[in-house]
Amino acid sequence: MEDGDNSDVIKYEKFIAVMTDVLLNKKFKPANENRIYKALQVLDTENKGYYTKEDLVNLMTNEGEPFNTEEMNEMLQTCGAFADPASQADNPHILYKYYINDLVVEDTKD
């Protein structure tokens, strides 16, 4: 996006301007439920239908752009509502097929 020799560098000011335009003008369509489910399945390498708290902490703090402690605690608090009551309290099974509803954003037309 940036002109000049540093083609892999994006200036913050330009990024903010472009992303503000994208978000305000709804140029980026939200992912649908099926697409989110498929993405969560990819991370579920054993096809269990759930993640454990340990799985989530490992994934979200060691892969990609790691979550900080506050972000991780917020995610775990939200995910806790989707825990299988039959799983262990200290390492609950987060049933992601139910968690998807909190991730889906309705595509509203203004």
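Quick note: residue numbers are just sequence positions, from 1. Owing to the predicted nature of the structure, the values given are computational and were not obtained by experimental measurement.
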For the NZ atom on Lys48, are there more than 12 heavy atoms of other groups (residues, nucleotides or ligands in this structure) within a distance under 6.0 Å?
yes

Can you check whether Phe82 and Tyr98 have ring centres sitting under 6.0 Å from each other?
no

Spacing of CD belonging to Glu65 relative to CE belonging to Met60, to within rounding of 0.5 Å:
10.5 Å

On a heavy-atom basis, the closest approach of His93 and Ser87 is N-OG, 3.0 Å

What closest approach, in Å, do Phe67 and Met72 show between heavy atoms, and which atom pair accounts for it?
CD2-N, 3.9 Å

In short, Asp90 meets Lys53 closest at the heavy-atom pair O-CD, 4.0 Å

First locate atom OH of Tyr99, then atom CD1 of Ile94, and finally report the distance between them rounded to the nearest 0.5 Å.
9.0 Å

Counting only heavy atoms from other residues, nucleotides and ligands, does the tally under 6.0 Å from CD of Gln41 exceed 12?
yes

From CA spacing to verdict: side chain to side chain contact (heavy atoms under 4.5 Å, CB included), Leu43, Glu63:
CA-CA 11 Å; Leu43 300 173; Glu63 302 291 332; over 6 Å; no

Say whether Ile16 and Met19 are linked into one hydrophobic cluster, either directly or through other cluster members, by side-chain heavy-atom distances under 4.5 angstrom.
yes

With a cut-off of 6.0 Å (strictly less than), are more than 12 heavy atoms of other residues, nucleotides or ligands near CD of Glu74?
no

Using a 3.5 Å distance criterion without hydrogens, assess whether the side chain of Asn25 forms a donor-acceptor pair with backbone atoms of Lys27.
no

Say whether Tyr96 and Asp44, considering side chains only, have a donor N or O and an acceptor N or O under 3.5 Å apart.
yes

Pair Tyr50, Asp84 - check side chain to side chain contact (heavy atoms under 4.5 Å, CB included), show working.
CA-CA 9 Å; Tyr50 65 86; Asp84 181 352; over 6 Å; no

Closer than 3.5 angstrom, by distance alone: can the side chain of Asn91 be matched with the main-chain N or O of Thr52 as a donor-acceptor pair?
no

Please answer: with hydrophobic residues joined when any side-chain heavy atoms are less than 4.5 Å apart, are Leu24 and Val22 in the same cluster?
no

